[in-house]
Amino acid sequence: QEGFLWIGTTNGLNKYDGTNFQVFDITEDGKTGLLDGYIQKLYDDEEGNIYVGTNKGLNIYDRSLNVIKPYPFKGVDQATQKKYFGAIWKDPMYLWLGSYNDGIYRYNPNNGEVSNLEFQKADDNADDNYIVEIFPVGENLLIVTQLSIYVINKEMEIISQTEIPLNNSCAHRSEVANQFWIGSHN
């Protein structure tokens, strides 16, 4: 964003301007700073906001003050606010958050409404709720978990499911070729 290189680490967030690093640390006052130092995901939306998913919640970069703050959820319980968020996607209406073992959350910033969708493998009903990545596919979303790929609509209905034969998947979307790359640690 704006010529800076953002680097998420296991010990905080760094903003590099080509010469100097600015380090963003864990919050001490609960108002500014990271909720946790282990950065899982960085996501920038079309409005230029930078979202920071950590092991203990979601943060957002306040460009006007040059600070990281806990995301200002409205009407959301503390347990949900403090979840591990390792996948983030924002569309014009919702903020979509992928969790470690609670599936995907759809949050409406306008009214504070939260919905949750958990996944299960088709063959043995095992939980499949470690969300690796969220990608838009037309009007739907492609949800990559450690064990499967799901396509869901904005109403959070599962349209399709494909199991990944290897565990511990990772995913990337090529903006140039509009392709999805999904790999495995195995």
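The first residue in the sequence is number 1, and the count goes up from there. Model, not experiment: these values are computed from the prediction.
Residue-environment remark: CG (Asn11) stays at or below the threshold of 12 foreign heavy atoms within 6.0 Å. For Lys15, the NZ atom sits in a packed shell: over 12 heavy atoms of surrounding residues, nucleotides or ligands are nearer than 6.0 Å. Crowding of Glu155 atom CD: a count of heavy atoms from other residues, nucleotides or ligands under 6.0 Å exceeding 12.
The existence of a salt bridge linking Glu46 and Lys90 is excluded, since no basic side-chain nitrogen approaches an acidic carboxylate oxygen closer than 4.0 Å. Comment: Lys154 engages Asp91 in a salt bridge, judged by a side-chain N to carboxylate O separation of less than 4.0 angstrom.
Residues Tyr71 and Met93 share a single hydrophobic cluster, defined by chaining ILVMFWY side chains whose heavy atoms lie under 4.5 Å apart. Linking ILVMFWY residues whenever their side-chain heavy atoms come closer than 4.5 Å, directly or via other members, places Met156 and Leu141 in the same cluster. Ile159 and Val144 fall within the same hydrophobic cluster, where Ile, Leu, Val, Met, Phe, Trp and Tyr residues are linked whenever their side-chain heavy atoms come under 4.5 Å apart, directly or through other members. The hydrophobic cluster containing Ile60 also contains Tyr94, counting ILVMFWY residues as joined when their side-chain heavy atoms lie under 4.5 angstrom apart, directly or transitively. No chain of hydrophobic side-chain contacts below 4.5 Å, direct or via other Ile, Leu, Val, Met, Phe, Trp or Tyr residues, connects Val67 to Ile7.
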Walk me through whether Asn66 and Gln22 qualify under side-chain hydrogen bond (donor to acceptor under 3.5 Å, both in side chains). CA-CA 10 Å; Asn66 191 36; Gln22 178 180 2; 2.9 Å; yes
Could you go step by step and tell me if Phe119 and Ile131 meet the side-chain contact (heavy atoms from CB on, under 4.5 Å) rule? CA-CA 10 Å; Phe119 301 98; Ile131 309 301; 3.8 Å; yes
From CA spacing to verdict: side-chain contact (heavy atoms from CB on, under 4.5 Å), Leu42, Leu13: CA-CA 10 Å; Leu42 296 173; Leu13 179 65; 3.6 Å; yes
For side-chain contact (heavy atoms from CB on, under 4.5 Å), just list the numbers for Leu34 and Thr27, CA-CA rounded to whole Å, side-chain angles, deciding distance to a tenth of an Å, and then say yes or no. CA-CA 5 Å; Leu34 294 165; Thr27 183; over 6 Å; no
Assess the residue pair Asn101 and Tyr130 against the criterion (side-chain contact (heavy atoms from CB on, under 4.5 Å)); give the C-alpha distance rounded to whole Å, side-chain angles, the decisive distance to 0.1 Å, and a yes or no. CA-CA 5 Å; Asn101 62 3; Tyr130 185 150; 5.9 Å; no
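No side-chain donor-acceptor contact under 3.5 Å links Lys69 to the backbone of Tyr61. Side chain of Asn116 to main chain of Asp102: a donor-acceptor pair is present (N/O by atom type, distance under 3.5 Å, no hydrogens or angles). Looking at Asp29, its side chain does come within 3.5 Å of a backbone N or O of Thr32 through a donor-acceptor pair. Under a 3.5 Å cut-off, the side chain of Asn153 and the backbone N or O of Glu157 do form a donor-acceptor pair. Under a 3.5 Å cut-off, the side chain of Asp44 and the backbone N or O of Tyr51 do not form any donor-acceptor pair. Side-chain N or O atoms of Tyr150 include none that pairs as donor or acceptor with a backbone N or O of Ile152 at under 3.5 Å. Of the possible donor and acceptor atoms, none in the side chain of Glu133 sits under 3.5 Å from a partner among the backbone N and O of Ile143. The main-chain N or O of Asn110 is found under 3.5 Å from a side-chain atom of Lys74 such that the two form a donor-acceptor pair. In this structure, Asp45 contributes its side chain and Asn49 its backbone to a donor-acceptor pair below 3.5 Å.
The side-chain heavy atoms of Lys41 and Thr54, taken from C-beta on, include no pair separated by under 4.5 Å. Using a 4.5 Å heavy-atom cutoff, the side chains of Tyr105 and Ser99 are in contact. Residues Leu58 and Phe85 form a side-chain contact, since some pair of their non-hydrogen atoms from C-beta on lies under 4.5 Å apart. Side-chain atoms of Thr10 and Ile39, non-hydrogen and from C-beta on, never get closer than 4.5 Å to each other. The shortest side-chain heavy-atom distance between Val114 and Arg106 does not fall under the 4.5 Å cut-off. A 4.5 Å side-chain heavy-atom check between Gln161 and Ile149 finds every atom pair outside the cut-off. Counting only heavy atoms from C-beta outward, the side chains of Tyr84 and Gln40 approach each other to under 4.5 Å. The shortest side-chain heavy-atom distance between Ile158 and Leu117 falls under the 4.5 Å cut-off.
Across every non-hydrogen atom of Ile134 and Ile88, the tightest pair is CD1-N, 4.2 Å. Closest approach of Pro70 and Lys31 over heavy atoms only: CD-O, 3.4 Å.
A distance of 9.0 Å separates CD1 in Ile68 from CG in Asp62, rounded to the nearest 0.5 Å. Going from atom CH2 of Trp89 over to atom CH2 of Trp96 covers 12.0 Å, rounded to the nearest 0.5 Å. To the nearest 0.5 Å, atom NZ of residue Lys56 and atom CG of residue Leu35 are 9.5 Å apart.
Under the 30°/60° scheme for interplanar angles, the aromatic rings of Phe24 and Trp6 are found to lie parallel. Under the 30°/60° scheme for interplanar angles, the aromatic rings of Phe73 and Tyr107 are found to stand perpendicular.
Residues Asp128 and Gln146 have side chains that never bring a donor and an acceptor to within less than 3.5 angstrom of each other.
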